[in-house]
Amino acid sequence: MSGDEQRRSFLKLLGASIALAGLDGCTRAPRQKIVPYVKQPPEVTPGVPAHYATAISMDGYATGFLVESREGRPVKIEGNPRHPASLGATSAIDQAWILSLYDPSRARSVRHGRRLSAFRDFEDARRRSAGSLHVLMEPTSSPTTIALLERLLANDTEGRLHYYAPLARDAAWHGAAIAFGRPLETQFDLSRAEVVVALDADLFGAGPRALSATRGFSRRRRVRSTADSMNRLYVVEAALTVTGGMADHRFRARRCDVAGIAAALLAAVAQNQQLIQGLVGSLPAWIGALAADLRAHAGRSLVVVGDSQPAEVHALVHLINVALGNIGRTLKFTESPIDRAGQPSHGLEGLVAALDEKRVDTLLILGGNPVYSAAADLELERRLATVPERVYLGLYENETARACSWFIPAAHPLEAWGDARAYDGTISIAQPLIEPLYGGRTSDELLAVMSGSARLKAHTLVREHWRMQWSQSFAAQWDAALQTGLLEGTALPEVTVSADWEAVLRAAKKLPKPPEGLEIGFPADTRVRDGAFTNSGWLLELPDPITKLTWENALLVSSQTAAALDLATEDVVELHLNGRRVSAPVFVAPGHADGSVSLSLGYGREGSETLARGLGVNASALRSAKAPHFALGVSLEKTGRKSALATTQTHWSMEGRDLIRRASLAEYRENPGFAQRPAEPNASLYKLPLLGEQQWGMSIDLSACTGCSACVIACQAENNTPIVGKEGVLARREMHWIRIDRYFEGTDDDPAMLVQPMLCQHCEKAPCEYVCPVNATVHSPDGLNEQAYNRCVGTRFCSNNCAWKVRRFNWFNYHELAVRGKGEDAQALHAMAMNPDVTVRARGVMEKCTYCVQRIRAQGIAARIADRPLEQGEVVTACAQACPAEAIVFGSLTMKGSDLDKLRNNERQYAVLGELGTEPRTRYLARLDNPNPELSR
Amino acid sequence: MTADSAALPLHGRLTGGGARGGAAPLADPPVMIGRPSYGELTSQLLRPITVASRWHLRLLALTGIGTLGLFAALTYTAIAGIGVWGVSVPVAWAFAITNFVWWIGIGHAGTFISAILLLFSSQWRTSINRVAEGMTLFAVMQAGLFPLFHLGRPWFFYWLIPYPSTMNVWPNFRSALPWDAAAVSTYFTVSFLFWYMGLVPDLAVARDASAQRWRRQIYGLFALGWRGSARDWSHYRVIYGLLAGLATPLVVSVHTVVSMDFATSQLPGWHSPMFPPYFVAGAIYSGFAMVLTLVIPIRRIFGLYNVVTERHLENMAKMLLCTGWIVTYSYIIEIFCAWYSGDRFERYVHLVSRPFGTYAFFVWLQFFCNCAVVQVFWSKRARRNPLILFVAALLINVGMWLERFNLIVTSLQRDFLPSSWGIYVPTPIDGAIFFGTLSFFLFLFLLFLRVVPFIPISELKELRHALGEADRRNGEQVHA
């Protein structure tokens, strides 16, 4: 640059800093070339979405989805209304599969040792190899995979199959084996139960049935008038879960004490104290009332136990249900859809024995991350080193990949052909939404290669498998399966059972009595589960429904335990368990059982492939294979250090403000209008006429919302909301357009947990609109409070004046920061994950919930083109669509007789901060509880 | 006008006595000590701009560096994003708006002294009015930085100004922020014109007294060809009075408009119709404190004891006491009304969150600095003691800054929904910008002291003439 130009630039910069347009201040869209199709695929019309049915499995259980595809790539996941595990809803984790598809940290190439390699080299190596083959994979229900495994191991007498997942349901299957003689799957139907007891079971938050359980429970709990009845939920648990938050009665107990409670409950229900002689110490006072309630609803009740409890407890609970006559009514039993459920193939014991005896020549690890997630005392990494050939098929170069000699990149579930069964056995054929971005392979393809067949694509493998199953009209059946997302009538048939009381009681007596002392539990994390999702920014930043903690885990401790040990939130303690030690920050959790602490799985990863590198604590480092879910004998030692924890909500008291109005069912029947206090102001100086044909509004039933936060991620996926990172959350800059406010009412030790989804209220007299200096936030004729991103100058007065604080500001260019330093194509991948119907906001601009205006307008246009009015249910917001409890209802107030219209006129309806006179369109139905009059809550 | 060393009259009022504090104990101190000749006055008041001093240049360099730091911090903010500040949701406004209100408030005293006191024909305004008005200008310049740079997209600031846009969108006139833009720009324009017009005769004096040709040319340029003719003086009188008349309502209106930023919102602690008079009183309060902070060192350094006397200091102290009590009264009424209203949110902010919440220390410090410190001025001795005045003025300015900070941040951090409660912690950039504006202000002020006669020469000569006439009249009275 010449001297003149230098001076000129310098002066420009100086001038810019005083008052005028910053040269680099405006963010320019990246220069990318748009390339139109040379040959446009016939089914792809740019701008028009197509939906494809598919299914994704977790630990072998499939959930069916409808995935929206734009220009040949998937952008949004919705539930498949016909699939039993989805019923049209999705969970937060389900929504996040989109982001992990476009993850720039995904592994891209085959690796052998330290060198990059090719799949052909792997095939050659395999052809030349000999010796016994052991396969380690996550439990599966896929008919194609099972057939391929059979074929693979048929020719190898030394070969073995090992199924392992940290959250596998072995205890449940063994429990059924004890009670009924063989491993069975429990299928319950909450919509038929009037009294439900959950023993350490997170019914609505975890497991393959979470969505259908929430739906069933919510249906049975729905009250629209004083004539309706409600079910009743009792929960016994150590750490609060969303299930515990819904409970009418919640009892805190250490996980190790649940066995005794189950036994006591059995004796009380069967009214035979002899049964449990020697099993139980003192009975808690409430067992009697609980048992009485169960007996009063015999045949219409349900007792459920969580997967982390030992098999003996499951068996005891089976007896309770038998004694209550619930079998065949509120629950039934079927074979398990999971291959070899309850057999020694499940679990790592067999593999560990084989490794020690050097019986493994080739180990094929298909998916999962066993080196990270296996219990620490198994020392899997050390043992693996003794195997000559270790092959890993995975999405990331993670801990397991680093321990293996061959690494093959896996195809993402949205890139893969396959099939799987739901929890009830319904078969779905999973079709991919996009060609594998990095040439990833599926397990089926790898198994085929391993068994010596020619390299076959997964599509061919699946098709061939079903061609052999279906004798006639294969093409029609295949198309029907892909279109609907499932094979009709493939649910597993009910199995008649007879309970073996002797066996159960004998097994239960063998359970060791839990001593006094501190127990530690290792629950699945609500966001990353067992560590599978530590690369998903959406899930990492999703606040935990109970603690509102983001980006890491913490040691949850009850307030009494914390007081006794002089601990405060953010203090770092060292945990000692059986000679192993780990440091963790403390989080004082209201509602946690005394004498117990919890540390969730999935964090403490160190590899550069994970977004959560260095965040959180690896709970698996403490676990032992004998006691993988909870253990006694842990001790805590203060280190004196502190570690900042990023939470999105620091105050959990409502401070006496009438934000979540609640009453018991009895109180509601006495005073149906209880939620209408205080009377909201009607007087107004002027009325704003709203001229639109539709007047959009929303109603949220607080009796139904569990706080699962599926809506939060659904909204993030639909509206291209960025993540801000742990530092951003610490600075209170999270960007979620809908959040779940979580309050505790009552004592620190044993509070009631109340949740409330909070989003833009779309006030008719919006306080944010009159304070915007540039008219960037205005009101539409159909009742939406609109934000014009390109007009916003970012004064943030609107955020100050919003009493609900639902507006979010782009403090930095978060989308750019998300891909900085991640490689060249990271930006392209990031853009692929975006919903093309929604603007990606720039730095310095305010944003908030728009009632999914893109969906409203799209449906409106479609209706106009077809020359017909909009119908009820045509427009559904992302949050309402995802909600498994059907808690969020969206619609137009002008559609007389519609769901929204009815809910708006319901007597339980109220507006949060209605006394401010802003006339919000988002209203809430007051929460109802159904406590047992015998028990004082 | 001839040098006048008339016999010293016997009465205390309007006499000098030749030495400091020669007046009788109960009488006001004199507004000018001694009766210097016009020539003596001129040379005394021109000396600062003709004689350079090392410390002045060093201070200029120091504050110049601070100013560069300010520009660097502002540029960084504009390039990287507002996220480099400590603001978040709920506290989306903090240091920037606090500084904005504080600086604008400071400016009000200058206009009060120049304009309102001119219309009241008070004599003690004469020597300090240009310093005060300069302070106003430079304060408004600092203040103007903030509404610009606190924007998320500052390059679109002009959308707040009503102009016929091709987008066919006008600013939203219901919002207080375009009113702010209008008020602050009007304030700056009128203040600048007022200051400059008043300066013209003195620039002519400087021009005529300059030794070097280049200085004569520059002062001559800015003196706009002032000849000192009767016609010039007549025009001067008219425009000076006119601008004073224009500036007077600004003293009340500008800070009223600024207070509307808060009063028109619905936040507890902001939504109060009392804000306009309360803010205006507070503005004059902090402004007088800043005038004292500036005038006391200037008086000492440049030896201006004879033209800036204890009378000036005492009157300013009395203004502080008066406005300080209005501010105190406002606090009391605010808290009482919050309690009396029964409104849960108002009560929480005023009776719980502010006195006992996260920022309780700063709230009590504010009360101490604003309400307690000024009570010392009930004592006449304190009112005339430059050291006490200086320290008190500093504390009052700290208190007034804290008042705006507490007002903004505590209302935002704990508002309606406890789920969104948070705290605000400033970042180094926030601090750099605030101290940068202090540096920039001082830089401009020091430049002003160096370049322009900061005590009005012609006006003081008028005062000297008036005092001489009064002496003569008093002397005649006695004789008669």
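Chain letters run A, B, ... following the sequence lines, proteins first and then strands; every chain starts at 1. Small disclaimer: the values here were computed from a predicted structure and weren't measured.
- A donor-acceptor pair under 3.5 Å is absent between the side-chain atoms of A/Asn800 and the main chain of B/Leu412, judged by distance alone.
- Looking at A/Arg808, its side chain never comes within 3.5 Å of a backbone N or O of B/Val89 through a donor-acceptor pair.
- For a residue to count as touching a neighbouring chain, one of its non-hydrogen atoms must lie under 4.5 Å from one of that chain's; by this rule A/Thr795 touches chain B with backbone and side chain alike.
- Neither the backbone nor the side chain of A/Met846 comes within contact range of chain B; no heavy atoms are under 4.5 Å apart.
- The greatest number of non-hydrogen atom pairs below 4.5 Å with chain A, out of B/Asp261, B/Val169, B/Val91, B/Leu267, is found for B/Val169.
- Contact tally against chain A (heavy-atom pairs below 4.5 Å) for B/Ile423, B/Leu151, B/Thr77: the top residue is B/Leu151.
- Neither the backbone nor the side chain of B/Ser411 has a heavy atom closer than 4.5 Å to any heavy atom of chain A.
- The main-chain N or O of A/Cys772 is found under 3.5 Å from a side-chain atom of B/Asn172 such that the two form a donor-acceptor pair.
- In this structure, the portion of A/Val912 lying under 4.5 Å from any heavy atom of chain B is its side chain and not its backbone.
- Residues A/Leu916 and B/Phe416 have side chains in contact (heavy-atom distance under 4.5 Å, counting atoms from C-beta outward).
- Comparing B/Gly144, B/Pro178, B/Pro268 by heavy-atom pairs within less than 4.5 Å of chain A, the highest count is held by B/Pro178.
- For B/Trp179, no part lies under 4.5 angstrom from a heavy atom of chain A.
- Interface remark: B/Tyr348 contributes side-chain atoms only to the contact with chain A (heavy atom separation under 4.5 Å).
- Residues forming a side-chain contact (heavy atoms from CB on, under 4.5 Å) with A/Pro767 (at least two apart in sequence, or on another chain): A/Cys763, A/Tyr770, A/Asn801, A/Trp804, A/Thr918, B/Gln266.
- Residues B/Ser419 and A/Arg739 meet the side-chain proximity criterion, which asks for heavy atoms closer than 4.5 Å.
- Nearest heavy atom pair, residue A/Leu659 against residue B/Pro418, reads CD1-CD, 3.5 Å.
- The local environment of OH in A/Tyr789 is crowded, with over 12 non-hydrogen atoms from other residues, nucleotides or ligands closer than 6.0 Å.
- Closest approach of B/Ile82 to A/Arg733, counting heavy atoms only: O-NH2, 4.4 Å.
- Across all non-hydrogen atoms, the minimal contact from A/Glu655 to B/Trp421 is CG-CH2, 3.5 Å.
- Remark: the backbone N or O of A/Gly794 is not paired with any side-chain donor or acceptor of B/Arg153 at under 3.5 angstrom.
- In terms of heavy-atom pairs under 4.5 angstrom with chain A, the leader among B/Leu177, B/Leu70, B/Leu417 is B/Leu417.
- Side-chain contact between A/Trp811 and B/Trp85 is absent, with no heavy atoms from C-beta onward closer than 4.5 Å.
- A cation-pi arrangement is not found for A/Arg732 relative to B/Tyr424, the charged atom failing to lie both closer than 6.0 Å to the ring centre and inside a 45° cone about the ring normal.
- Under the 4.5 Å side-chain criterion, counting only non-hydrogen atoms from C-beta, B/Tyr158 is not in contact with A/Val793.
- Applying the 6.0 Å contact sphere to OH of B/Tyr163 captures more than 12 heavy atoms from other residues, nucleotides or ligands.
- Of the listed residues (B/Ser265, B/Gly83, B/Gly81), the one with the most heavy-atom contacts under 4.5 Å to chain A is B/Gly83.
- Using a 4.5 Å heavy-atom threshold, the side chains of B/Leu160 and A/Pro773 count as touching.
- In this structure, chain B has heavy atoms under 4.5 Å from both the backbone and the side chain of A/Ala803.
- Between chain B and the residues A/His651, A/Lys548, A/Gln756, A/Met654, the largest count of heavy-atom pairs under 4.5 Å involves A/His651.
- Between chain A and the residues B/Thr264, B/Ile97, B/Asp415, the most heavy-atom pairs under 4.5 angstrom are made by B/Asp415.
- When heavy atoms are compared at a cutoff of 4.5 Å, B/Val84 approaches chain A by way of both its backbone and its side chain.
- The 12-atom threshold is exceeded at CZ of B/Phe173, counting heavy atoms of other residues, nucleotides or ligands nearer than 6.0 Å.
- Proximity of a side-chain donor or acceptor of A/Arg796 to a complementary backbone N or O of B/Ala92 within less than 3.5 Å is detected.
- Annotation: maximal heavy-atom pairing with chain B below 4.5 Å, among A/Arg791, A/Glu734, A/Arg807, A/Met758, occurs at A/Arg791.
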